[in-house]
Amino acid sequence: MSTQPRSESSKSRKVTTRSLRQMKERGDPIAALTAYDFLTAELLDRAGIDVILVGDSAGMVVQGLDTTVGVTMEQMLYHCQVVSRGVERALVVGDMPFMSYQVNADEALRNAGRMVKEAGVEAVKLEGGQSICGTVRRIVDVGIPVMGHLGLTPQSIHKFGTYQVRATEPEEADEVRRDALALAEAGAFALVIEKVPAQLASEVARSVDIPVIGIGAGAGCDGQILVTQDMLGLYTRFHPRFVRRYAELGNAMLGAFESYQRDVKARKFPSADESY
Ligand code: KIV
């Protein structure tokens, strides 16, 4: 691990919505991951991750809920505050939780404003397409960048009834195409597209000027995002095939906890050197 101060080890200039657009134009892939706490955010930033999403997946991978539906504004504000404190270079995007933006555009605007003013995020993410474009426009008009989210939108899990791949039928695929164009037109600076056929995601990415960041959406997107706890092998309740595990930290942590437990029980910890 690098021992350089963070400002020297940063890979390049601050990531902005503008520089993400330029990355798309140059064909430079965007690397995004999620974070919910300060230490992880700091490591992602040092690793050169471009976009750090404070996802409402916190409900599942931090709080142990079955879905993201129960996550509240106050919880998201807390996660966003601690993540923002750990980041210098990456663009920090805060997920708007279920029912914080669906009731009306005024409430959505107030809540998006809280994410920026109280929690330090630089952009917010909303799930949905044409039906939320009025709200997206309203938020963008006051100067808060909005990221869209199409395909498998986990806040609608009770409507879908399953986490299986979306838009495999032509009608839903057409809907996704129209939603992407509408969100770009409404002023969204980027889109996440989740768990749809690779061919559709690639087509969507080519149809809009804004970056399209895929999760389970194939290699034709402008960037990729994963939930950090999934790619580290920490959250193991599901293992969808789109998750590549870059580490098995769950096993490593379990081993460490077991060793500590054994040492304490056997009075092998602490040693004389570890005492005063
Ligand atoms: O909440 C989240 O982590 C997300 C990603 C899966 C894109 O929305």
Side-chain angles (χ1 to χ4, degrees), residues 20 29-37 40-41 44 49-73 75-80 82-83 90-102 111-112 115 119 121 123-129 132 136 145-157 160 163-167 176 179-180 183 188-196 201 204-205 210-218 221-232 234-235 237-245:
L20 291 174
I30 296 164
L33 283 171
T34 63
Y36 319 95
D37 67 274
T40 309
L44 296 181
I49 297 301
D50 302 304
V51 176
I52 298 179
L53 171 68
V54 188
D56 63 355
S57 47
M60 298 172 80
V61 304
V62 178
Q63 299 172 20
L65 298 172
D66 287 335
T67 73
T68 60
V69 170
V71 176
T72 66
M73 257 313 281
Q75 290 164 353
M76 287 311 299
L77 287 169
Y78 168 76
H79 287 299
C80 289
V82 297
V83 165
L91 184 85
V92 179
V93 181
D95 230 351
M96 302 276 292
F98 183 54
M99 295 315 290
S100 67
Y101 59 94
Q102 287 91 342
N111 283 326
M115 299 280 264
V121 302
V124 294
K125 177 167 81 59
L126 276 63
E127 295 183 6
I132 61 155
V136 170
V146 173
M147 176 181 268
H149 186 156
L150 296 174
L152 177 61
T153 45
Q155 292 175 7
S156 301
I157 184 59
F160 297 149
Y163 284 110
Q164 274 165 14
V165 63
R166 303 301 312 172
V176 168
D179 284 343
L183 285 167
F189 75 95
L191 295 180
V192 164
I193 191 163
E194 178 164 355
K195 219 169 177 186
V196 301
V204 167
I210 59 175
V212 173
I213 300 177
I215 171 163
C221 297
D222 304 303
Q224 298 293 328
I225 184 162
L226 286 175
V227 169
T228 295
Q229 273 70 357
D230 290 343
M231 60 86 83
L232 292 178
L234 280 168
Y235 186 78
R237 281 193 193 170
F238 313 110
H239 188 179
R241 78 171 205 230
F242 67 78
V243 173
R244 185 181 295 177
R245 288 215 187 136

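Numbering of ligands and ligand atoms starts at 1, following listing order.
Close approach of ligand 1 to Gly55 is summarised as follows: ligand atoms under 4.0 Å from at least one heavy atom of the residue are 1 (O), 2 (C), 3 (O). Taking a cut-off of under 4.0 Å to the non-hydrogen atoms of Asp95, the atoms of ligand 1 that pass are 1 (O), 2 (C), 8 (O). For ligand 1, the atoms closer than 4.0 angstrom to any heavy atom of His149 are 8 (O).
For atom 7 (C) of ligand 1, the nearest protein heavy atom (residue, atom name, distance) is Leu53 CD2, 3.7 Å. Atom 6 (C) of ligand 1 has as its closest protein heavy atom Ile215 CD1, 3.6 Å. Regarding atom 3 (O) of ligand 1, its nearest protein heavy-atom neighbour is Ser57 OG, 2.5 Å.
The minimum heavy-atom distance linking Asp95 with Met115 is given by the pair O-CE, 3.0 Å.
Heavy atoms of Thr68 found under 4.0 angstrom from ligand 1: none, in either backbone or side chain. At a heavy-atom cutoff of 4.0 Å, ligand 1 is contacted by the side chain of Thr34 but not by its backbone.
Inter-residue side-chain proximity for Thr153 and Phe160 is flagged as met; some heavy-atom pair is nearer than 4.5 Å.
Asp56 contributes no side-chain N or O that, together with a main-chain N or O of Val71, makes up a donor-acceptor pair within less than 3.5 Å. The closest donor-acceptor contact from the side chain of Thr34 to the backbone of Leu53 lies at 3.5 Å or more, if one exists at all. In this structure, Thr40 contributes its side chain and Asp37 its backbone to no donor-acceptor pair below 3.5 Å. In this structure a side-chain-to-backbone donor-acceptor pair under 3.5 Å is missing from Thr68 to Ser57.
For Ala58, the side-chain contact (heavy atoms from CB on, under 4.5 Å) test picks out Tyr36, Val62, His79, with sequence neighbours left out.
At least one heavy atom of Lys125 sits closer than 4.0 Å to an atom of ligand 1.
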